[in-house]
Enquirer: 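I am attaching a structure below and will ask some questions about it afterwards.
Proteins come first, then strands; the chains are lettered A, B, ... in the order of their sequence lines, and each starts at number 1.
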Amino acid sequence: MARILITSALPYINGIKHLGNLVGSQLPSDAYARYMRARGHEVMFICATDEHGTPAELAAGKAGVPVAEYCADMWQVQKDLAEGFRLSFDFFGRSSSKRNRELTQHLAGKLADAGLIEEVSEKQVYSRADARYLPDRYIEGTCPNCGSENARGDQCENCTKQLNPTDLINPRSAISGSTELEVRETKHLYLRQSAMRERLDKWIDSQKGWPLLTTSIAKKWLHDGDGLRDRGITRDLDWGVPVKRGSEEWPGMEGKVFYVWFDAPIEYIAATAEWADANGQDDASWQRWWREDKGALDVHYVQFMGKDNVPFHTLSFPATLMGSGEPWKLVDFIKSYNWLTYEGGKFSTSAGRGIFMDQALDILPSDYWRWWLLSNAPESSDSNFTWESFQGGVNKDLADVLGNFVSRVTKFCRSKFGEQVPEGGEYGAAEAKVTAEIAKRLTIYQDNMQAIELRKAAADLRAIWVMGNEYLQTAAPWSIYKQSPEDAAAIVRFALNLIRLYGVLSAPFIPDAAKAILTAVNAEGAGWPDDLDLALSALPPGHAFTTPDVLFAKLSDERREELEAQFAGE
RNA sequence: GGGCCUGUAGCUCAGUUGGUUAGAGCAGAGCGCUCAUAACGCUUUUGUCGUAGGUUCGAGUCCUACCGGGCCUACCA
């Protein structure tokens, strides 16, 4: 039994996430967490909302509520949606928590002690109308290069040229449209990542088997141009972790906060402390996951994220932890995902394009989404959501292959033997053959789950479901019954045990259906089939069951067309 | 501009360190079964593995060039 720490990238607070966000971190991390728990490992699975930064302030302003209130509300919304998708976090925290504030300030202090923080004076654009400093991207104007009038301060979207805000002609605030902008001198703290480049480089090199996507992005940042650059870790904002050096004031930094990207990953740790607090546990209970001097040496730590998050998780956050000089647990494996596209285009929060988590749950139960998203996860490249593919996938895999198998077995049994596992006959060569085939495929399934190749694992799981139908077709208990009810009984008994097995194996992907299956066969506590022969005779003759309702109703063509039209976008 | 990834059956993808007749699911065709959500099972068609060269006894797998698709490029998170 191992101890496995799992974190999912923190969803940003400013609204409900779409399915692309979901499949990029939370969903795969949940499947992995569920699998590892099922295998008997001790798991700590952490997520939280990422609440700081300009977009949160603006979203709150738009909603007409104070930002703290806005975040509290949205945290609840996101937490409820996470539960709706059956994301089994041990704790769902908030980056605005007291724990994170203190830990962020603490780590900044340690980094300063280690000489890894530098004060830099720089010029920032201030908008008087908005009464705030504007991030580059919130300044718009005319592109000096191509003349587009909607260029942003960081880049012109029309000609893709990189810009500085001061390059723009007729700059204006993207928030208010105000042209009352001025350049002000302001001081900020920089994390001296450049000083840790070699250490980070060696650390990355020492990692075995990381996805290509992960290491190639990290290497690019480490070696591009002059190499890893220092990074500003403070901002002139109201909403965030106030800049302090440990518990002390930081002279010159009054009124400033840490940059969200500095405090957000720290929340992985802080949220584990929040978990301890919420459960009345002491500090040692969370430190044993995070401090190598306090028991975390044997922890295996896996992070899940979209590819946009990779630089922060491979470089900035490790630099923060390493640089602190304290023995914090560093990540052991980073699983990164590509994008999910929607009908060939981008999911877009701002344009409202695609399917959002709340809408998805209004349409169909979470298992449908979980199955399609995980079995089509963008693991090796971007993948594309289409309603046609979704309909085909869930109807075929869930309704026909799995759902119908459960249905045909339980209904046949009920009509011939009643709602209990029938007695009589014995397993023979056919059952031994199927058991051997399943054992073989189960090993592959387990290997793929272990390696977090979820798309492949889903295919393995499906193949194991198919074996049930193949078996039934060959064994044909409906024919055998006419000559020998005893022999038919053995077949049905074996098939009912297959159903129980499927309930156990399917739980990481479709937890609700898995539970419904196990409840139907009256085997809620069923554990992982470490011994397959044993597992396939776990339900003894006479064991009562109930014939379940249709596990997965099909998505009709009419309904699919309706949904396609509904989500066609504006 | 620079860097990275990618192009394999109609569709979505798998193809270990280069090694005999290139695989899966879906879709299509045929047959079978009738327990079941008209579900299931079996059989089966289709590929110049983006293009052109090169290395090799041998390349989907390595190299080069070109063509197509995508991503990143550090102040959105």
Enquirer: Is the distance from OP1 or OP2 of B/A38 to the nearest side-chain N or O of A/Arg408 less than 4.0 Å?
Expert: no

Enquirer: Verify whether the ring centers belonging to A/Phe494 and A/Tyr471 lie closer than 6.0 Å.
Expert: yes

Enquirer: Look only at the side chain of A/Gln78 and the backbone of A/Tyr12, and say whether a donor-acceptor pair between them is shorter than 3.5 Å.
Expert: yes

Enquirer: What's the closest nucleotide to the A/Pro135 side chain, out of B/C75, B/A39, B/C71?
Expert: B/C75

Enquirer: By nearest atom, which of the nucleotides B/C33, B/U37, B/U12 is closest to the A/Arg455 side chain?
Expert: B/U12

Enquirer: Rounded off to whole Å, could you give me the CG-to-P distance for the A/Asn395 and B/C26 pair?
Expert: 13 Å

Enquirer: For A/Ser216 and A/Ala476, take the nucleotide of RNA chain B holding the closest heavy atom to each; which residue's nucleotide lies nearer the 5' end?
Expert: A/Ser216

Enquirer: Using the side-chain heavy atoms of A/Arg231, tell me which of these nucleotides is nearest: B/C75, B/C71, B/U37.
Expert: B/C75

Enquirer: Decide if the gap between the ring center of A/Tyr337 and the ring center of A/Trp339 is smaller than 6.0 angstrom.
Expert: no

Enquirer: For B/C5, does either OP1 or OP2 sit under 4.0 Å from a side-chain N or O belonging to A/Lys220?
Expert: no

Enquirer: Say you pick atom P in B/U48 and the same atom in B/U8; how far apart are they, in whole Å?
Expert: 11 Å

Enquirer: Ignoring the backbone of A/Arg235, work out which of B/C75, B/C35, B/A39 is nearest its side chain.
Expert: B/C75

Enquirer: So which nucleotide from B/A36, B/U37, B/G15 ends up closest to the side chain of A/Ala399?
Expert: B/U37

Enquirer: Looking at the rings of A/Tyr268 and A/His313, which for Trp means the six-membered one, are their centres under 6.0 Å apart?
Expert: yes

Enquirer: Would you say A/Lys396 reaches B/C40's phosphate, i.e. side-chain N/O to OP1/OP2 under 4.0 Å?
Expert: yes

Enquirer: Between B/C35 and B/C40, how many Å separate the two C1' atoms, rounded to a whole number?
Expert: 10 Å

Enquirer: Could you tell me how far B/A36 sits from B/C13 if I compare only their C1' atoms? Round to whole Å.
Expert: 30 Å

